[in-house]
Amino acid sequence: MQDIPVLTIDGPSGVGKGSVARIVADKMGWNLLDSGAIYRGFALSSLSRNINLTDEQDLIEHAEKLDLRFESIEGQELLNVYVDGVEVSKELRTEKTAEIASQLAVIGPLRVALLKKQQQFKQSPGLVADGRDMGTVVFPNAPFKVYLTASAQERAQRRLKQLQNSANAGNISQILAEVKKRDERDANRKHSPLTPAKDALIIDTTCLTIDEVITKVMALVEV
């Protein structure tokens, strides 16, 4: 039986991974994995259940029981995300949740526990997997790999635009500092550091529209 195809889309925060992955998955009729939502959802669930975020064993046991699912709504840009049966999409996208998720993501044993959750999304007819180590760790044998990048300044501007209607939007200086801090932590963490897969197509999105990025990605998959 032919293996189920996987397209991995990796890169730092703010490069447009989520939007590109969702649109490409819709065009291909494939399943979608937002690995960042898994870590953020896990962070939210851990906080709501008063899990000790410094106790690796408690975190691992909770990860093995994590109840998380995605729902794509036609005409809606972002996925609906459900954790423990509760829709948490707005809470998932706050800077606080992102920061906690990034801190948890450096814990090696926890990454192993959540790895199995991510691999379960590989189902027919195919999968588009969006994250930071999809092509290097989670699906290293994926036939299609993309790594998106952009300048820190551009990514901070995009994040500010995304948060402009939020009470905790902050300012460009704060967001740029947070972007750089997260980049440094992701690139230097011991387990699964953020780096392009050797066989990935690298696309700098700084000066590209989302349609231009999608065209490049689709050309790779449709070869």
Can you see which heavy atom on [X] is nearest to which on [Y], and at what distance?
{"X": "L127", "Y": "F121", "answer": "CD1-O, 3.6 Å"}
{"X": "A63", "Y": "L110", "answer": "CB-CD1, 3.7 Å"}
{"X": "R155", "Y": "A150", "answer": "NE-O, 3.1 Å"}

Strictly distance-based, threshold 3.5 Å: is any side-chain N or O of [X] a donor or acceptor partner for the main-chain N or O of [Y]?
{"X": "K145", "Y": "A197", "result": "no"}
{"X": "S89", "Y": "V81", "result": "yes"}
{"X": "D67", "Y": "V83", "result": "no"}

Is [X] linked to [Y] within one hydrophobic cluster, defined over Ile, Leu, Val, Met, Phe, Trp and Tyr using a side-chain heavy-atom separation of less than 4.5 Å?
{"X": "L68", "Y": "L115", "answer": "yes"}
{"X": "V138", "Y": "I9", "answer": "yes"}
{"X": "L47", "Y": "L59", "answer": "yes"}

Item to check | All side-chain hydrogen bond (donor to acceptor under 3.5 Å, both in side chains) counterparts of Q57, not counting sequence neighbours | outcome: E61
Item to check | Between CD on residue E91 and CZ on residue R40, distance to nearest 0.5 Å | outcome: 12.5 Å
Next on the checklist: Let me confirm one number: the CG-CG distance from L176 to N171, rounded to the nearest 0.5 Å.
Outcome noted: 10.0 Å
Any donor-acceptor pair under 3.5 Å linking the side-chain atoms of [Y] with those of [X]?
{"X": "E178", "Y": "Q174", "value": "no"}
{"X": "R185", "Y": "S102", "value": "yes"}
{"X": "D211", "Y": "T209", "value": "no"}

Checklist entry - Would the number of heavy atoms belonging to other residues, nucleotides or ligands and lying under 6.0 Å from NZ of K216 be above 12? => result no
Checklist entry - Counting heavy atoms not belonging to E87, are there more than 12 under 6.0 Å from its CD? => result yes
Item to check | side chain to side chain donor-acceptor pair (under 3.5 Å): pairs with one or both residues in residues 127-136, sequence neighbours excluded | outcome: R111-D133, R132-D186, D133-S192
Item to check | Partner of P12 under side-chain contact (heavy atoms from CB on, under 4.5 Å), chosen from L148, D183, V179 | outcome: D183
Item to check | Candidates R49, K65, R69 - the one meeting salt bridge (Lys or Arg N to Asp or Glu O under 4.0 Å) with D84 | outcome: R49
